[in-house]
Amino acid sequence: MTAASFRTGWLGQVLAILSAAGVSMATALPARSAGPLRDMRRPSHQSLVRPVAVFGSDDRTNVPREFEQVARKIGLLFNNRTRTVCTAFCVAENIVATASHCLGRSSGKVPTRYSDFVFARDFDRIRDFSRIEGASRGAGGQHILAGSYGLKTRPPIDAINDWALFRLDRKGCPGGGLPFAVMSSGDLMGEAAKGRIFQISYHRDWAQWRPAFAKACPVGRDFKAASWKTISSEFVNPESMVLHTCDTGGGSSGSPVFAMTANGPAVVAINVGTYVQSDLPSGKRGREATAKMKIETVANTAVNAEIFIAHIERLASAAILPSTQSIKELQDLLIARGFLADVADGSYGPKLKAAIMAYERANGLPPSGLATKELLLRLTAQAAHAARSGALAPTRSHPSGLR
């Protein structure tokens, strides 16, 4: 039985593989540190665990001096409560980019609390800590834009939506964010052939939380373990994926992939996971199956910057509703129009975000889920117009859920 899957970290890969083989997940869990992130040690790789995102020889190095200033705008995004660690990077003075699954549920399905997340820019050197705007008052979700809030990791895999932007509660990125360059997949393959694609990210198994540098990363479509015909049939919008073989490790989700341009290094994609093909012998289960399972790591997967770059300015300029009362007004208006089947309680959560996105789609707007003053004014004006004309507001029989 052959299966394709998209993995968002070395632990997720191992757990999924063992689960498919009928092996207890507990046998592959890494040792946990009792202390905070600064005291975490490298995971204890047991016999069933292997690095899945190192291709051939391990070519990772410390960040060269010429790229140290670039690395200063990259940091760790960690959550001590759920024991998750990702890489994230500055895109503006108070906006950070990462993979959307890094802000989602943990492997134990513990509900996300945005107040538990910390962004530590330049972690190995200065550890400049920031948090998500509004998280301390339960409103962190209002300051997050993401491509997906429920990533599909089985075909059709929507890895292309695995991006997220969030506001910081302070200007935690002095000097602004990293520069971007938008290139087609063909252009990126051409740049990679010239040795101009590289990556900087944090890895659990690398030098006690110093950023690692992967240079001259190949970018392609056809790989030894899978052809482009197979890959393109298993992903949503595969043309906007960047398949690369930079050597990475656990914790690298959300890290920037760079191209060396005429103006210097520029972000061209966000690394989000690893594409794996596994072949489980028919009728086999348990440790015998695991021992005979053939696992092929195809390539790392990244989201092309063309997918999310326009959203950076949208989040930067959004006037987020500041009070419980204004949120309640927004909820009342969405309830009246049939986009929300809930009580207006003045709190922002997944149901309200889904309702906003459903309204935006229905009105030809780019779906963001942001509770903004502009949205409230738009809904208020529509309600006033309907009242003057005596027209009934359109209703929906099934309020939208998260997608």
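Contact check for V219 versus L243: no side-chain heavy atoms found under the 4.5 Å cut-off. With a 4.5 Å cut-off on side-chain heavy atoms, I231 and V298 count as touching. Using a 4.5 Å heavy-atom threshold, the side chains of I74 and S201 count as separate. The side-chain heavy atoms of S253 and V272, taken from C-beta on, include no pair separated by under 4.5 Å. Using a 4.5 Å cut-off on side-chain heavy atoms (C-beta onward), N300 and F55 make contact. Contact check for L379 versus L334: side-chain heavy atoms found under the 4.5 Å cut-off. Between V303 and V242 the shortest side-chain heavy-atom distance does not fall below 4.5 Å. At a threshold of 4.5 Å between non-hydrogen side-chain atoms, the residues E239 and R221 count as touching.
Checked against salt bridge (charged side-chain N to carboxylate O under 4.0 Å, His left out), D128 has the following partners two or more places apart in sequence or in another chain: R121, R170. By the side-chain contact (heavy atoms from CB on, under 4.5 Å) test, P156 pairs with K152, V236, sequence neighbours left out. The side-chain contact (heavy atoms from CB on, under 4.5 Å) check on D58 picks up V54, R60, D247, with sequence neighbours excluded. When the salt bridge (charged side-chain N to carboxylate O under 4.0 Å, His left out) test is applied to K373, no partner is found at least two apart in sequence or on another chain. Every ring pair (Phe, Tyr, Trp, His ring centres under 6.0 Å) that F258 has, sequence neighbours left out, goes to F198. Evaluation of the salt bridge (charged side-chain N to carboxylate O under 4.0 Å, His left out) rule for D158 yields no partner, not counting sequence neighbours. Shown here are the side-chain contact (heavy atoms from CB on, under 4.5 Å) partners of N363, two or more places apart in sequence or in another chain: Y359, L365, R378, Q382. Contacts of E360 classified as salt bridge (charged side-chain N to carboxylate O under 4.0 Å, His left out), with partners at least two apart in sequence or in another chain: none.
Paired with L77 under the rule side chain to side chain contact (heavy atoms under 4.5 Å, CB included), one option of T87, L103, V85 passes, and it is L103. Checked against F166 for a side chain to side chain contact (heavy atoms under 4.5 Å, CB included), the options I95, L145, V96 give a single hit: V96.
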**Request:** Please test F67 against F213 for ring pair (Phe, Tyr, Trp, His ring centres under 6.0 Å), starting from the C-alpha separation and ending with a verdict.
**Result:** CA-CA 9 Å; F67 297 118; F213 178 77; 5.4 Å; yes

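Considering all non-hydrogen atoms of both residues, L330 and A371 come closest at CD2-CB, 3.7 Å. In plain terms, the two heavy atoms of S184 and N304 that are nearest each other are C-ND2, 4.3 Å. Shortest non-hydrogen contact noted between P256 and F89 is CD-CD2, 3.6 Å. When all heavy atoms of W209 and D124 are compared, the pair lying nearest together is O-CB, 3.4 Å. Closest approach of V63 and P211 over heavy atoms only: CG2-O, 3.6 Å. Residue P174 comes nearest to K73 through the heavy atom pair O-CE, 4.4 Å, listed as atom of the first residue, atom of the second, then distance.
Residue K215 places its NZ atom among 12 or fewer non-hydrogen atoms of other residues, nucleotides or ligands, all under 6.0 Å distant. At most 12 heavy atoms of other shown residues, nucleotides or ligands fall within 6.0 angstrom of atom CD in E374.
Figure legend: cation-pi geometry between R127 and F123, with NZ or CZ positioned under 6.0 Å from the six-membered ring centre and within 45° of its axis.
Note: H311 and W163 meet the aromatic proximity criterion, with ring centroids under 6.0 Å apart. Separation of the F235 and Y275 ring centroids falls under the 6.0 Å cut-off. Ring centroids of F78 and F117 are separated by 6.0 Å or more, keeping the two rings apart.
Atoms CD1 and OG1, on I270 and T301 in that order, are 13.5 Å from each other to the nearest 0.5 Å. Taking CE of M183 as the reference point, atom CZ of R196 lies at 9.0 Å (rounded to 0.5 Å). Once rounded to the nearest 0.5 Å, the distance linking OG of S148 with CG of N161 reads 5.5 Å.
Residue pairs meeting the side-chain hydrogen bond (donor to acceptor under 3.5 Å, both in side chains) criterion with at least one partner in residues 131-141, sequence neighbours excluded, do not occur; the list is empty. The stretch residues 307-341 participates, sequence neighbours left out, in no disulfide bond (SG atoms under 2.5 Å apart) pair at all. Identified under the disulfide bond (SG atoms under 2.5 Å apart) test for residues 313-364, with sequence neighbours left out: none. Every pair passing disulfide bond (SG atoms under 2.5 Å apart) that includes a residue from residues 226-263 is listed here, sequence neighbours excluded: C217-C246.
At a threshold of 4.0 Å, the pair D116-R81 counts as salt-bridged, since one of the basic side-chain nitrogens sits closer than that to a carboxylate oxygen.
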